[in-house]
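Encoded as structure tokens, the structure appears first; notes follow it.
Atoms considered below: every heavy atom in the structure, side chains included; atoms not considered: hydrogens, waters and symmetry mates. Values in this document were obtained by computation on a predicted structure and should not be read as measured data.
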Amino acid sequence: MDHATVVASGTKIADEIGTSRSEVWRLIQQLRGLGVDVAGHPATGYQLRAVPDLLLPEILSPLVKGTIFAKHLHHYYKIGSTNSEAMQAAAEGAPEGSVFLAEEQLAGRGRGAHKWHSARSAGIYCSAVFRPPMPPSEALIFSLAAGLAVQSAVAETFPGLRPDLKWPNDVLLNGKKFCGILTEMNSEATRVRHLVVGVGINVNQTKFPAELREIATSLKSETGTEWSRVELCAALLKSLDREYRSLREDARAREAILTRFQERSSSARGRKARVEELGGIEGVTEGLDPHGFLQVRTATGLRTVLSGTVRVIGNL
């Protein structure tokens, strides 16, 4: 990538990395299989046709310098789930700020039993490890802050685009979901040991499985523009870093997150909604409580939604 326009001979590459030309050919074939556009063959040499839009630490690290993530970036071409990898690494002592990025997930997970469709090198599949000094009852604030970070990163990368936040962990464009957030933690009764925030963003996808076509979208589908995943991922990590530092250092940050989330969500207040997990109760959303849980005014009184699927069914 340092010499993307240069044709490098197989012999020179083999000498530099201490292997045979046949092994270089095998590795080039592997890169091509992973979506890297390499021209040439052993007799003439190899050349990158374009600098690939891959979420490699070597590319991302300089872009997120000064954040807690800069020195702890881990990249996989293929993985089961970045959240599973991050949770396991955190349990084994991975430092705060460790980030796990994948080009493709074979078992990407959403909230509950939902799967996350992870097309290769078309989205951002990212999980970050945090060790916040807080009780587990406060963990929801991380999902809300991550939603705000995604919203800020998208608006920074594509000025004028204003995604909508849907409680507790979806980010929408034109009523369709392009981003999901999955927060998982390991905790004791009174403190969080470690917490993982997973963010899945549909960036350049143009096709979705049949069961998702009516509810899912991508940034490219909505804007008609091919996005740089590297640029968006860097913006996301910088936004996450700002939100987390604020939570750690500013006593007013929690209240500010709740206020901003409600202001930037079209459904958090004043919308008719149905809560599936509460037996399909219906009511009108009345904002968030001090812990970040959604409040819904029903015919029998105010109900607090601790978790679940909230479906907006109309305006007042």
Side-chain angles (χ1 to χ4, degrees), residues 67-69 72 81-100 109-114 126-152 165-171 180-200 236-237 239-265 268-269 275 277-278 285-296 302-310:
T67 71
I68 63 170
F69 309 120
H72 308 292
S81 157
T82 58
N83 252 46
S84 296
E85 186 71 16
M87 286 292 286
Q88 181 177 338
E92 294 171 356
E96 182 170 67
S98 296
V99 176
F100 299 82
R109 296 184 286 116
R111 190 168 49 83
H114 296 141
C126 167
S127 299
V129 176
F130 299 93
R131 299 185 184 276
M134 62 168 54
S137 60
E138 302 293 334
L140 177 57
I141 203 74
F142 272 79
S143 288
L144 306 182
L148 289 165
V150 170
Q151 194 181 52
S152 296
L165 299 174
K166 180 174 177 286
W167 187 90
N169 61 349
D170 294 342
V171 192
I181 295 160
L182 177 62
T183 301
E184 298 181 297
M185 67 177 168
N186 182 295
S187 67
E188 299 172 2
T190 58
R191 73 177 183 94
V192 172
R193 288 196 187 97
H194 56 262
L195 181 147
V196 167
V197 175
V199 178
L236 171 64
L237 292 177
S239 292
L240 277 173
D241 181 74
R242 286 194 298 269
E243 296 288 352
Y244 184 55
R245 287 180 189 274
S246 179
L247 271 173
R248 292 286 302 253
E249 298 167 7
D250 186 352
R252 300 165 297 176
R254 180 183 308 281
E255 184 179 346
I257 287 170
L258 298 178
T259 299
R260 284 187 291 141
F261 190 94
Q262 291 172 97
E263 290 173 347
R264 300 181 189 182
S265 169
R269 191 183 295 278
V275 185
E277 279 76 3
L278 293 182
T285 56
E286 285 200 4
L288 308 181
D289 76 1
H291 295 288
F293 297 113
L294 184 67
Q295 299 182 101
V296 178
L302 192 65
R303 300 286 296 270
T304 299
V305 185
L306 301 181
S307 67
T309 302
V310 179

Out of curiosity, [X] [atom1] to [Y] [atom2], how far, rounded to the nearest 0.5 Å?
X	Y	atom1	atom2	result
R254	T259	CZ	OG1	12.5 Å
M134	M185	CE	CE	10.0 Å
N186	Q88	CG	CD	12.5 Å
I141	Y244	CD1	OH	13.5 Å

Min side-chain heavy-atom separation [X]-[Y] under 4.5 Å:
X	Y	answer
L144	L288	yes
W167	V305	yes
Q151	S265	no
R245	I68	yes
S84	E184	no
P168	L140	yes
V150	V171	yes
R303	V275	no

Would L182 and N169 satisfy side-chain contact (heavy atoms from CB on, under 4.5 Å), going step by step from the backbone distance to the final call? CA-CA 7 Å; L182 177 62; N169 61 349; 5.6 Å; no

Which atom of [X] lies closest to which atom of [Y], heavy atoms considered:
X	Y	value
R131	H194	NH1-CB, 3.5 Å
F100	E85	CD2-CG, 3.8 Å
A268	L294	O-CD1, 3.8 Å
S143	I181	O-CD1, 4.0 Å
Q295	T304	CG-OG1, 4.3 Å
A146	L240	CA-CD2, 4.0 Å

V310 and V296: CA distance, side-chain angles, deciding distance, side-chain contact (heavy atoms from CB on, under 4.5 Å) verdict: CA-CA 10 Å; V310 179; V296 178; 5.6 Å; no

Whether S246 side chain and R242 backbone form a donor-acceptor pair below 3.5 Å: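 Side chain of S246 to backbone of R242, a donor-acceptor pair under 3.5 Å: no, none is there.
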
Would the distance check show the side chain of Q262 and the main-chain N or O of R269 forming a donor-acceptor pair, the cut-off being under 3.5 Å?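 Here the side-chain-to-backbone pair does not exist.
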
Applying side-chain contact (heavy atoms from CB on, under 4.5 Å) to T82 and C126, what does each step give before you reach the verdict? CA-CA 6 Å; T82 58; C126 167; 5.9 Å; no

Do R191 and E188 pass the salt bridge (charged side-chain N to carboxylate O under 4.0 Å, His left out) test, and can you show the C-alpha distance, the side-chain angles, and the key distance before you say yes or no? CA-CA 5 Å; R191 73 177 183 94; E188 299 172 2; 3.2 Å; yes

Is the ring pair F142/F130 parallel, tilted or perpendicular, if the boundaries are 30 and 60 degrees?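 Rings of F142 and F130: tilted, as their planes differ by 30° to 60°.
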
